[in-house]
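Notes follow the structure.
Protein chains get the first letters and strands the later ones, always in sequence-line order, with residue 1 at the start of each.
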Amino acid sequence: MLSYAFLIHALLGALLSGISLAILSPFVTLKKIAYMGEALSHIAFAGIALALLLSLNLSLVTMLFVLAVAGLIGFVSRFFQTEETNVITIFLSVAMALGIILISAKKDYSFDLASYLFGNVLLINKTDIYSLIVLSVVNISFITLLFKELFYMTYNMTVAEVFGIRVKTVYYLFLFLLAINIVVAVKIAGVILVTAQLVLPASIAFQYVRKLKPAIIISILVALVASLIGFYISWQFNLPTGAVIVLVEFMLYLLSLIINKRSKVRN
Amino acid sequence: MIEFKDVNFSVDNKIILENIDLTITTNEFVAIIGPNGAGKSTLIKILLNLIPNYTGQVFIEGKLNSEWLKTERIGYLPQKEEYDTKFPATVMDIALMGIAANKGVFARFNKQDKLKAMETLDKVGIKQFNNAQIGSLSGGEWQRLMLARALLTGSRYLILDEPEASIDKSGVNSFFDLLSELHKQGKTIITISHDLHMLNKYCTFLVCLNKTLHCHTETEMLTADHIKNTFGEALKLIEKDY
C-alpha cells in the first residue's frame with residue numbers, strides 16, 4: 001500500500017512537473033531564453049546545498065536563494081553596464097562551484113548528490129504534489145490573463161514598449177514564475193535535465209503548428225505523453241525517471257523533425 | 001507640435017547630435033535628410049524616448065515627451081524591426097499590436113478590434129494577407145503592415161524611419177501616395193528618407209541634418225547649397241538608383 005502511494009506520488013509529480021514546464025515552454029523557446037532556465041536550475045543547486053548545510057526548509061531557501069541571485073544578476077549587469085548573458089553564465093558557474101563547496105563543507109551529509117543533479121521522483125511528497133497543482137493553475141491563469149502581453153513580449157520587447165504595451169513588468173513576472181517552476185521541478189527532473197523539459201515540448205510543437213495557442217496545447221500533450229511513457233519505462237526497467245522522460249521527449253522531437261521534413265518535401 | 005530644445009547626444013565622446021533646436025508644427029509632412037551617420041534615426045529615437053542619456057528637452061504638444069508618451073501614442077515605423085521569420089504570428093496579430101495598449105492589461109481583442117484592423121489592412125492594401133504568416137511577406141507588404149500597425153494606434157503623428165528601404169520603385173511610389181493621402185486626412189508625418197525625388201514630390205517641410213541642423217525649411221525653399229552643406233561630398237552616395 002505504501003509503495004503504491006509512493007508510485008502515485010511519483011507519477012503525479014512527473015506529470016504535473018512536466019505540464020507546468022510545458023506551459024511556459026513555447027514562450028521560453030520563442031523568446032530564446034532557454035539559457036535562463038539552465039542558469040536558474042544551476043543556481044537552485046547552490047540553494048539546495050545551502051539549505052542542506054544549514055538544515056533549513058529546502059524549497060523555501062532554494063527559492064529565496066534563486067530570487068536573490070537573479071536580482072543580483074540584474075543589478076550587476078545594469079550597475080556595471082556589462083552584457084547580461086555573460087553575467088548569467090558567470091553566475092551559473094559560480095553557483096555550481098558554490099554548491100559543490102557547500103556540499104563538501106557538510107561533513108556528515110547523508111543525501112544522494114545524483115538525486116538533485118539528475119532528479120528523483122521518489123523524493124516527491126504530498127506537499128510537492130499540492131505545490132505542483134497550485135503552480136500549474138497559476139501558470140495557466142498567468143498565460144490566459146496576460147496572453148496578449150506575453151505574445152508581444154516574445155515577439156519584440158522594444159517595439160512592444162514603443163506601442164505602449166506593458167511588457168517589461170510582464171517579462172519580470174514571467175522570469176519570477178519561471179524561477180519558481182524550476183525550483184519545484186529540480187527535485188523531479190534534476191538540475192541538469194530541467195532545461196530539456198523546458199525546451200523540448202515547444203520545439204516539438206512548433207514542428208507541427210505555427211500558432212502560439214495550439215503550440216501551448218501540443219506542448220502540454222507532449223509533456224503528458226512523454227511523462228507517462230517515461231515513467232512506465234523507468235518503472236519497468238528501474239531507470240532514473242527524469243532522464244528517461246527527457247529521452248522520450250528527445251525521440252518525439254526527432255520524430256517531429258522527420259515528419260516535418262517529409263511534409264515539406266511533399267509540398 | 002513637436003519641439004526639440006538644445007538637444008545634444010554623444011556616445012563615448014563622439015558627438016551624434018549637437019545643439020538641435022527644431023519645431024515641427026501640426027499637419028506637416030516632414031522629411032529628415034542627411035548622410036549615413038548624420039543622427040537621423042537617433043533624433044527620432046530621442047523623440048520616442050528610446051534613448052535616455054541625451055541633454056536638452058523634447059516637447060510634444062507642450063508636454064515633455066516622456067510625460068506625453070505615458071498616455072498618448074505615436075505611430076512608428078522602425079527602420080528595421082528585429083523579428084524571427086519563423087515567429088508564429090499572422091499579419092492580423094502584428095496589426096493588432098497597434099491597438100493592444102489601448103485595450104489595457106488582461107483585456108482580449110474582440111470582434112470590433114479585428115474589424116478595425118481589417119479595415120486598416122484594407123486601407124494599406126494588404127487585407128488579403130490578414131491570415132498569412134509574417135515570414136511570408138515581401139518587403140513592400142511588410143512596410144504596409146508596419147504602416148497599418150502605426151495607423152491603428154490612432155495617433156495624430158506618424159514617424160517613419162526609411163520606409164522606402166526594401167521596396168521596389170513602384171512600391172515606393174504607391175507607399176508615398178498612401179502617406180500623402182494620410183497627410184491630407186490630417187496626420188502629421190515625419191519621415192527619414194534618402195529618396196530626394198520622392199521627398200521633393202510629397203513633403204512640405206525639410207530638415208537637413210548632419211549632426212547639427214543645416215536647414216529646416218519649406219521644401220520649395222530648398223536650394224542646392226542646402227543639400228551641399230548637409231551632405232558635402234557624400235551626396236552621390238545617397239542618391240537612390242533604381
Checklist entry - Of the backbone (N, CA, C, O) and the side chain (C-beta and beyond), which part of Thr90(B) lies under 4.5 Å from a heavy atom of chain A, both, or neither? => result side chain
Checklist entry - Relative to each other, are the rings of Trp142(B) and Tyr83(B) parallel, tilted or perpendicular (30° and 60° limits)? => result parallel
Next on the checklist: Check the orientation of Phe29(B) and Phe176(B). Use parallel for under 30°, tilted for 30 to 60°, and perpendicular for over 60°.
Outcome noted: parallel
Checklist entry - Relative to chain B, which segment of Ala160(A) carries a heavy atom at a distance below 4.5 Å: side chain, backbone, both, or neither? => result both
Item to check | Structural part of Thr169(A) lying under 4.5 Å from a heavy atom of chain B | outcome: neither
Checklist entry - Is chain A contacted by the side chain of Ile99(B), its backbone, both, or neither, given a heavy-atom distance below 4.5 Å? => result neither
Next on the checklist: Looking only at heavy atoms and a cut-off of under 4.5 Å, which of Leu96(B), Leu50(B), Ile134(B), Asp93(B) has the most pairs with chain A?
Outcome noted: Asp93(B)
Checklist entry - Closest approach of Ala150(B) and Leu158(B), non-hydrogen atoms and distance? => result CB-CD2, 3.6 Å
Checklist outcome for this item: Value for CD1 (Ile258(A)) from CD (Gln207(A)), rounded to nearest 0.5 Å, stands at 11.0 Å
Item to check | Contacting region of Phe151(A) [heavy-atom separation from chain B under 4.5 Å] | outcome: both
Next on the checklist: I'd like to know which of Ala101(B), Gly104(B), Ala89(B), Ser155(B) tops the heavy-atom pair count under 4.5 Å against chain A.
Outcome noted: Ala101(B)
Checklist entry - Going through the checks in order, is the side chain to side chain contact (heavy atoms under 4.5 Å, CB included) test met by Ile33(A) and Tyr171(A)? => result CA-CA 11 Å; Ile33(A) 52 168; Tyr171(A) 180 56; 3.9 Å; yes
Checklist entry - Do any N or O atoms from the side chain of Asp12(B) and from the backbone of Lys14(B) form a donor-acceptor pair under 3.5 angstrom? => result no
Checklist entry - Which answer fits Asn102(B), side chain, backbone, both or neither, if we ask what part of it has an atom under 4.5 Å from a heavy atom of chain A? => result neither
Next on the checklist: Against Ile182(A), only a single residue in Leu40(A), Thr62(A), Val66(A) fulfils side chain to side chain contact (heavy atoms under 4.5 Å, CB included); can you say which?
Outcome noted: Leu40(A)
Checklist entry - Parallel under 30°, tilted from 30 to 60°, perpendicular over 60°: which one fits the rings of Phe250(A) and Tyr253(A)? => result tilted
Item to check | Residue, of Lys103(B), Glu72(B), Lys86(B), that accumulates the most heavy atom pairs under 4.5 Å with chain A | outcome: Lys86(B)
Checklist outcome for this item: So, the part of Lys211(A) with a heavy atom under 4.5 Å from chain B: the answer is both
Item to check | Which atoms of Gln133(B) approach chain A - backbone, side chain, both or neither, heavy atom under 4.5 Å | outcome: side chain
